[in-house]
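Note that the coordinates shown come from a computational prediction; the quantities given were computed from them, not determined experimentally.
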Amino acid sequence: MNRFARAAAFLMLSFGAVEQAVAGQLDALQGAWITGGTNCADTFKKVDGTIEFKDRGSSLTTGLIIRGNKIMGPMATCSVERIREEKEYFSAYMSCVDAVMFSDMSVSFQPIDATKFKRFVSDFPEVFVTYSKCEL
């Protein structure tokens, strides 16, 4: 195997390892989630076994769907690129895109139990949103 082929194989294997590490951290958060004051049945529907937003463009939709390394909200879809573990939470560096633009951001997640987690910006952990898991 020539030097180029070895380098390409190494990069592909490394990328796969990063994807697995990212997915591993997000395993506990896979599924559909809502904030307080909203209802799972009003926010999500199941189509052919896959959870989707009922009306993703609605200004009243506050849910999230986490599938693999993708986090889908009402207005944008983000791909988690990297994760940094902290003591009680982890921070995710994400590339996000909506209908008009794209941006990168960092958000932190603190699992509370199997049915709840907090989302916050790591610099301000006292300002958070709590999500509850939907069972559809």
Side-chain angles (χ1 to χ4, degrees):
M1 185 183 289
N2 69 28
R3 195 180 297 175
F4 176 75
R6 278 190 294 231
F10 174 76
L11 288 174
M12 288 173 42
L13 290 172
S14 297
F15 181 72
V18 168
E19 286 292 317
Q20 288 176 350
V22 166
Q25 287 293 339
L26 292 175
D27 280 349
L29 303 183
Q30 297 295 305
W33 301 83
I34 57 166
T35 59
T38 57
N39 183 301
C40 291
D42 292 339
T43 306
F44 303 108
K45 63 184 177 181
K46 215 169 200 181
V47 177
D48 296 327
T50 302
I51 298 172
E52 297 179 359
F53 286 98
K54 272 190 172 176
D55 183 5
R56 191 168 184 192
S58 170
S59 62
L60 302 176
T61 300
T62 60
L64 293 177
I65 298 173
I66 301 175
R67 188 177 301 135
N69 73 327
K70 303 281 188 222
I71 299 177
M72 295 165 275
M75 302 297 173
T77 297
C78 300
S79 295
V80 177
E81 303 293 331
R82 291 186 301 259
I83 289 183
R84 183 181 69 227
E85 291 185 59
E86 302 294 340
K87 290 180 183 176
E88 296 179 5
Y89 64 92
F90 64 91
S91 296
Y93 180 77
M94 305 183 299
S95 293
C96 301
V97 63
D98 65 17
V100 177
M101 58 185 276
F102 59 91
S103 64
D104 294 340
M105 67 178 67
S106 179
V107 175
S108 296
F109 299 92
Q110 180 179 17
I112 298 169
D113 58 32
T115 63
K116 291 188 183 338
F117 74 85
K118 291 181 184 179
R119 178 184 56 84
F120 59 95
V121 177
S122 23
D123 291 341
F124 300 98
E126 67 278 2
V127 180
F128 61 87
V129 176
T130 301
Y131 286 87
S132 299
K133 188 163 192 166
C134 292
E135 297 297 335
L136 298 175

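A donor-acceptor pair under 3.5 Å links the side-chain atoms of Lys46 to the main chain of Leu136, judged by distance alone. Side-chain atoms of Arg67 never come within 3.5 Å of backbone atoms of Met72 as a donor-acceptor pair (strictly under, hydrogens ignored).
Atoms CG and NZ, from Leu29 and Lys133 in turn, are 8.0 Å apart once rounded to the nearest 0.5 Å. Here the CD1-CD1 distance, from Ile51 to Ile66, works out to 11.5 Å after rounding to the nearest 0.5 Å. Gln30 contributes atom CD, which lies 9.0 Å from atom CD1 of Ile71 (distance to the nearest 0.5 angstrom). With rounding to the nearest 0.5 Å, the separation of SG in Cys40 from CD1 in Ile34 is 3.5 Å.
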**Request:** Kindly determine whether Thr35 and Thr62 satisfy side chain to side chain donor-acceptor pair (under 3.5 Å), including the steps that lead there.
**Result:** CA-CA 6 Å; Thr35 59; Thr62 60; 2.8 Å; yes
**Request:** Tell me, with the steps shown, if Lys118 and Thr130 meet side chain to side chain donor-acceptor pair (under 3.5 Å).
**Result:** CA-CA 4 Å; Lys118 291 181 184 179; Thr130 301; 5.9 Å; no
**Request:** Run the numbers on Asp48 and Thr50 for side chain to side chain donor-acceptor pair (under 3.5 Å), then give the verdict.
**Result:** CA-CA 6 Å; Asp48 296 327; Thr50 302; over 6 Å; no
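Ser106 and Ser91 make their closest contact through OG-CB, 4.3 Å (heavy atoms, listed as atom of the first residue, atom of the second, distance). Taking every heavy atom of both residues into account, Ser79 and Lys70 meet most closely at OG-NZ, 2.6 Å. Between Gly68 and Leu26, the shortest heavy-atom distance links the atoms O-CD1, 3.5 Å. Looking at every heavy atom in both residues, Ala41 comes nearest to Lys54 through O-NZ, 2.6 Å. Pairing each heavy atom of Leu64 with each of Gly73, the nearest pair is CD2-CA, 4.0 Å. Heavy atoms only, all atoms of each residue included: Ala114 and Trp33 are closest at O-CH2, 4.1 Å.
Taking the side chain to side chain contact (heavy atoms under 4.5 Å, CB included) definition, one finds that Glu52 meets it with Lys45, Val47, sequence neighbours left out. For Asp98, the side chain to side chain contact (heavy atoms under 4.5 Å, CB included) partners are Ala76, Val100, Met101, not counting sequence neighbours.
Met94 and Val121 are not part of a single hydrophobic cluster, where members link through side-chain heavy atoms under 4.5 Å apart. Put simply, Val80 and Val107 are part of the same group of oily side chains (I, L, V, M, F, W, Y) that touch within less than 4.5 Å, one to the next.
No option in Tyr89, Phe109, Tyr131 other than Tyr89 meets the ring pair (Phe, Tyr, Trp, His ring centres under 6.0 Å) test with Phe120.
In summary, the aromatic rings of Phe53 and Phe44 are positioned with their centroids under 6.0 Å apart.
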